[in-house]
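Below is one structure, written out as structure tokens, with a few remarks after it.
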Protein chains: 2
Amino acid sequence: MDIFNKLLERKGLKSTQQRYFIADTFFKTSTHISLEELLKKVRRKTPRIGYATVYRTMKLLTDEGLAIERQFGDGQTRFENVPEDGHHDHIICIKCSKIAEFHNEKIEELQEETAKKLGFKVLRHKLELYGYCSDCA
Amino acid sequence: MDIFNKLLERKGLKSTQQRYFIADTFFKTSTHISLEELLKKVRRKTPRIGYATVYRTMKLLTDEGLAIERQFGDGQTRFENVPEDGHHDHIICIKCSKIAEFHNEKIEELQEETAKKLGFKVLRHKLELYGYCSDCA
DNA sequence: CTTACTGCAAAATCTTTGCAACATC
DNA sequence: GATGTTGCAAAGATTTTGCAGTAAG
């Protein structure tokens, strides 16, 4: 939450209870949460909160890089919080759904390189490997 | 188109001019096209065609594995035709939504290698880079 | 006090679906 | 002819935005 308060200060925004509850709830969530779900969670503590406030707070977090929007094709935008200790990628077992995380600096470098050739400047990426884990192979 | 005709036959569906134009146009498209864009293209040949028909035809193609639905976060579902000659990855501009494709064998190798260390056997993967293109940097 | 924030409700987007007219088989 | 298909328009589902009231600095 420190980082969130700093963000508000840096941008000259006001620190409100709504924003606090939304951000706090979001950062404590480990899954990919939708606005509707987040709203529901936050309302347990602050029933009078509105959808638009959640929407706008998440937009703020997304714009500032503290959250990432993701689309899984179910018609709802979901938000994932950005790990403070560097990012990681996922490898998912298509049989038992086990998810392992990994980080490979070499791959990241090659991504940068490839992007540069295409004239792009990469800010973030998404890499997911799908296959069988050792138990299911 | 042969494969499309076979699909219709296999499922006992009727072969109509609309379906033909939509599928043909889609298969000849190399970019990730949205329904709106596809409709516009098809209308150049068949002005009286409706959005719903395009929608339903693309749903058919998607269900049958001839097209892949993709969400790049710009609020529009886009369709990509399944490459017969191997896959590619994407790099997306977060400002103008331009999408470029690339393929880097070295990255694929590193993915395999990394997966092996974790005891996984990779079948497929998804790699998307997000950033600014040369025009928006 | 001034300026920003919130909630509500309305607007804007996209995606799906019901149905009568119409085209295949 | 029977059955599937099309186009239109309406319904759904989400995401955005305008605005008057409210609260933070």
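Reminder, nothing fancy here: chain letters follow the sequence lines and each chain counts from 1. Just so you know, these numbers come straight off a predicted model, no measurement behind them.
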Check side chain to side chain donor-acceptor pair (under 3.5 Å) between A:Glu36 and all other residues, then give those that pass, not counting sequence neighbours.
->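 Once residues adjacent in sequence are excluded, A:Glu36 has no partner under the side chain to side chain donor-acceptor pair (under 3.5 Å) criterion.
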Partners of A:His88 by side chain to side chain donor-acceptor pair (under 3.5 Å), sequence neighbours excluded?
->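 Only A:His90, A:Glu101 meet the side chain to side chain donor-acceptor pair (under 3.5 Å) criterion with A:His88.
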In whole angstroms, how far is the [atom2] atom of [N] from the [atom1] atom of [X]?
X       : N      : atom1 : atom2 : answer
B:Tyr20 : D:dT6  : OH    : P     : 16 Å
A:Arg19 : C:dG7  : CZ    : P     : 11 Å
B:Asp74 : D:dT14 : CG    : P     : 18 Å
B:Glu37 : C:dT13 : CD    : C1'   : 15 Å
B:Leu39 : D:dC8  : CG    : C1'   : 13 Å
A:Ile49 : C:dC5  : CD1   : P     : 14 Å
B:Met58 : C:dC14 : CE    : P     : 17 Å

Is A:Tyr132 atom OH crowded by more than 12 heavy atoms from other residues, nucleotides or ligands, each under 6.0 Å away?
->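 12 or below, so no.
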How about A:Leu123: does its CG atom have over 12 heavy atoms from other parts shown lying under 6.0 Å from it?
->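 Yes.
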Is the backbone N or O of A:Lys28 less than 3.5 Å from a side-chain atom of A:Asn81, with the two atoms forming a donor-acceptor pair by type?
->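 Answer holds: no.
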5'-most contact on DNA chain D: B:Val54 or B:Gly12, nearest heavy atom basis?
->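 Nearer the 5' end of the strand: B:Gly12.
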Going by atom types only, do A:Gln76 and A:His32 share a side-chain donor-acceptor pair under 3.5 Å?
->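 Side chains of A:Gln76 and A:His32: no pair found under 3.5 Å.
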Reading 5' to 3' through nucleotides 15-25 of chain C, protein heavy-atom contacts under 4.0 Å coded B for base, S for sugar-phosphate only, - for none | BBBB----BBS
